[in-house]
> 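The structure that follows is given in the form of structure tokens.
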Amino acid sequence: MTRTPLTDLDEVQLLDTTLRDGEQMPGVSMTPGEKVDVARELDAAGVHLIEAGSACTSAGEREAISRVADEGVDATVTSFARGVRADVDHALDCGVDGVNLVVPASDKHVETKVGSTRDEVVETTVGLVEYATDHGLWVEVLGEDGSRADLDYLERLLGAGLDAGADRICYCDTVGAADPERTARVVSRLADLGPTSLHTHDDLGFGLTNVHAGLKAGADTVHGTVLGVGERAGNVALEEVAIALGESYDVDTVELSRLYRLCRAVSEATGVALPPNKAVCGANAFAHESGIHTDGTLKDGTMYEPYPPETVGRERRLVLGKHAGRAGVKAALAEHDVAVDDGELREVVARVKELGERGKRVTDADLLAIADDVRGRERERHVELVDLSATSGGNLPTASVRLRVGEDERVASGTGAGPVDAGLEAVRAALAGDDGGRGGDAGAEADVAFELDSYHVDAITGGTDAVVTVEVDLSRGDRSVSVSASDADITRASVVGMVDGLDRLLAAEADAADADPSAVADD
């Protein structure tokens, strides 16, 4: 494709505010440990600046910011600070590298919110910038609600900040009200003053568009959050900024191959699920079901994808359903080392389509069960759930399981954040042979390790006796499998799904070992 240059810059810096602005999303609250974990992933991806929080919020927030600042990351670590000296002092106490000094820019904020005047805000801003820089802090001045501010006053306010020693200024579309034309007009004026950042929200769906307009107008840094988490409709999504600039304009930002891992880390820390249709990280971003699309993608990976999934740390996935074709089903079977002749393939495809017509997601386990039946093969269980009990009362949810692993029977228990988590830990303990001396030969079989890659729950009936379907994706070594299980008890459905998935993975390893002893996965 012929590319239209967006900016003269070879690199655009990213400031991540997931730990501050992202945490303002209703229902999201991260512990200090979770903030440190996310900060490590941000740093590993090469994010240039990390806004670790707002030091004025609480003692707990200051602890979190201090821990991020002490982590020794390469990124510049900052704290949000309002236009008061106490906020700068709190940031200094946390040991951060700098502050994002937010001062009111629109008359709505100057007069109604803080009850001040334009002149007083400018004077206060100059004093705070001088105070912060005198204490060795990197300073960015953000004009809050700048997209709705009088442009002459915004230029005067932020220009005064730069003259007082600030390192950069920021155009803030605080409520996501601006269109790209307004953004370009304002940023072109601010960029003439000095280094300019962009802080956009997605309330009108213009978050990324306004980033592009601002960069084209002269900005050089973008504020964003992973997954676009944030208040109201959220901030611009950092991963979308990075992939769009890299793929469309050859502009470097961060290590693109770390993006999916980063999205997963933020999802786990915030509890915000990855939307299936989300760019970069969504389950469907590199998934293909349609027979025509699958056939084309198998012939040429670029046929129906704008960039290879490996670019962002993903893998292509063939999804089976009513739109599946012969090529897709054959390829999906081949991923599990299952070979069928033409007649068997026709029958498998027909059954897959029939299952998909009933509105059911056709998992790997469904496909393999169909293939076994069509080929007349008996399935030999490698791991089987014999018994499960779980309790969630009190302060420590607990679960215990009895598994049959080969000829061995294992019993183990686990604790977790909830009964499902406890059930998973109990399964891991049993598979590791850690039965606490309650029966079974711990050395009868090697440690059966696995990774839970995704977990999704759907209620498929209504009422208090609703049956839930749990869908899980598991991996072991370089093999992966998707499985679903339904039950009125979510814990049982979850454990059954995980055990059945692992059984399929072990069966595939056993088949591979029979065909080639050197092909057994090395854990």
Side-chain angles (χ1 to χ4, degrees), residues 27-34 37 264 267-273 363 365 381-445 447-476 481-506:
V28 170
S29 179
M30 287 176 272
T31 66
E34 288 170 335
D37 289 341
R264 288 277 301 273
S267 177
E268 291 173 7
T270 61
V272 176
T363 66
R381 297 283 309 208
H382 294 260
V383 181
E384 188 172 7
L385 178 66
V386 179
D387 191 30
L388 163 70
S389 64
T391 59
S392 57
N395 296 324
L396 193 62
T398 303
S400 62
V401 298
R402 184 185 299 274
L403 300 181
R404 186 172 293 113
V405 183
E407 299 299 322
D408 184 28
E409 193 168 277
R410 301 182 184 180
V411 178
S413 61
T415 59
V420 172
D421 189 36
L424 174 59
E425 292 307 311
V427 170
R428 289 192 188 279
L431 295 174
D434 181 12
D435 61 12
R438 289 169 291 169
D441 178 5
E445 190 153 328
D447 182 358
V448 189
F450 68 95
E451 293 295 327
L452 176 61
D453 298 321
S454 72
Y455 174 88
H456 180 72
V457 179
D458 274 322
I460 59 174
T461 62
T464 58
D465 60 345
V467 172
V468 299
T469 292
V470 173
E471 296 179 350
V472 296
D473 291 336
L474 303 179
S475 62
R476 174 172 162 81
V481 67
S482 60
V483 184
S484 66
S486 299
D487 198 281
D489 184 331
I490 186 174
T491 303
R492 177 168 291 278
S494 301
V495 172
V496 168
M498 287 184 282
V499 171
D500 284 354
L502 182 60
D503 180 60
R504 286 293 183 181
L505 291 172
L506 292 176

> Could Asp387 and Arg404 be called an ion pair, given the rule that one side-chain N must be under 4.0 Å from one carboxylate O?
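No, this pair does not count.
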> To the nearest 0.5 angstrom, please state how far the CZ atom of Arg476 sits from the CG atom of Leu506.
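Going from the CZ atom of Arg476 to the CG atom of Leu506 covers 5.5 Å.
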> Nearest 0.5 Å, please: how far is CG in Leu474 from OG in Ser454?
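The distance works out to 8.5 Å.
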> Would you give the length of the straight line joining atom CG of Asp453 to atom CZ of Arg264, rounded to the nearest 0.5 angstrom?
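Here the interatomic distance stands at 6.0 Å.
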> What's the shortest heavy-atom distance between Val468 and Ile490, and which atoms?
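In terms of heavy atoms, the two residues are closest at CG2-CA, 3.8 Å.
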> Are side-chain heavy atoms of Tyr455 and Met498 found at a separation under 4.5 Å?
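Side chain of Tyr455 against side chain of Met498, heavy atoms only: no contact under 4.5 Å found.
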> Using 0.5 Å steps for rounding, measure from the OG1 atom of Thr391 to the CG atom of Leu396.
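Atom-to-atom, Thr391:OG1 and Leu396:CG are 8.5 Å apart.
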> Taking Val272's backbone N and O only, do any of them form a donor-acceptor pair with Ser267's side chain (distance below 3.5 Å, no angle check)?
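Looks like yes, one N/O pair under 3.5 Å.
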> In Å, rounded to the nearest 0.5 Å, how long is the span from CG of Asp421 to OG1 of Thr491?
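Separation between the atoms: 10.5 Å.
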> Does the distance from a Lys or Arg side-chain N to an Asp or Glu carboxylate O, for Glu409 and Arg402, drop under 4.0 Å?
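Salt bridge between Glu409 and Arg402, a charged N being under 4.0 Å from a carboxylate O: yes.
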> Could you check Val420, Asp489, Val427 and say which one makes a side-chain contact (heavy atoms from CB on, under 4.5 Å) with Ser494?
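Testing each of Val420, Asp489, Val427 against Ser494, the sole residue satisfying side-chain contact (heavy atoms from CB on, under 4.5 Å) is Val420.
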> As an exercise, state the distance from CD of Glu34 to OG of Ser29, rounded to the nearest 0.5 Å.
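Between atom CD of Glu34 and atom OG of Ser29 there are 8.0 Å.
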> State, to 0.1 Å, how close Pro419 and Pro397 come at their nearest heavy-atom pair, and which atoms those are.
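Nearest pair, atom of Pro419 first, then Pro397: N-CB, 3.8 Å.
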> Over all heavy atoms of both residues, which pair between Ala485 and Gly497 is shortest? Give the atoms and the distance, please.
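Shortest heavy-atom separation between Ala485 and Gly497 comes out as CB-N, 3.8 Å.
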> In the structure I gave you, are the side-chain heavy atoms of Glu471 and Val483 within less than 4.5 Å of one another anywhere?
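A side-chain contact under 4.5 Å is absent here.
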> Considering all heavy atoms of both residues, which atom of Gly414 and which atom of Ala426 are nearest to each other, and what is their separation?
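Gly414 and Ala426 have their closest heavy atoms at N-CB, 3.6 Å.
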> Going by heavy atoms in the side chains, are Asp473 and Glu451 under 4.5 Å from each other?
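No - every pair of side-chain heavy atoms lies 4.5 Å or more apart.
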> Restricting to pairs with a member in residues 411-420, which pass salt bridge (Lys or Arg N to Asp or Glu O under 4.0 Å), not counting sequence neighbours?
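Salt bridge (Lys or Arg N to Asp or Glu O under 4.0 Å) check on residues 411-420 returns no pairs.
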> Check each of Val386, Leu431, Val495 against Leu403 using the side-chain contact (heavy atoms from CB on, under 4.5 Å) test, and report the only one that passes.
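Of the listed residues Val386, Leu431, Val495, the side-chain contact (heavy atoms from CB on, under 4.5 Å) partner of Leu403 is Leu431.
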> Would you say the side chain of Leu385 lies within less than 4.5 Å of the side chain of Arg492, judging by non-hydrogen atoms?
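They are in side-chain contact.
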> Under a 3.5 Å threshold, yes or no: a donor from one side chain and an acceptor from the other, between Thr398 and Thr415?
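Their side chains do not contain a donor-acceptor pair, so the 3.5 Å distance test is not met.
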> Do the side chains of Leu452 and Leu424 get nearer than 4.5 Å, heavy atoms only?
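When only atoms from C-beta onward are counted, Leu452 and Leu424 do touch, with a gap below 4.5 Å.
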> Tell me yes or no: between the side chains of Thr469 and Ser484, is some donor less than 3.5 Å from an acceptor?
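The answer is no; no qualifying pair exists.
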> Check whether Asp503 reaches the backbone of His382 with its side chain - one donor and one acceptor, N or O, closer than 3.5 Å.
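At least one qualifying donor-acceptor pair exists.
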> Gly416 and Ala422: which non-hydrogen atoms are nearest, and at how many Å?
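Heavy atoms of Gly416 and Ala422 come nearest at N-CB, 3.7 Å.
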> Which heavy atom in Ser413 sits nearest to a heavy atom in Ala429, and how many Å separate them?
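Scanning both residues, the minimum pair turns out to be O-CB, 4.1 Å.
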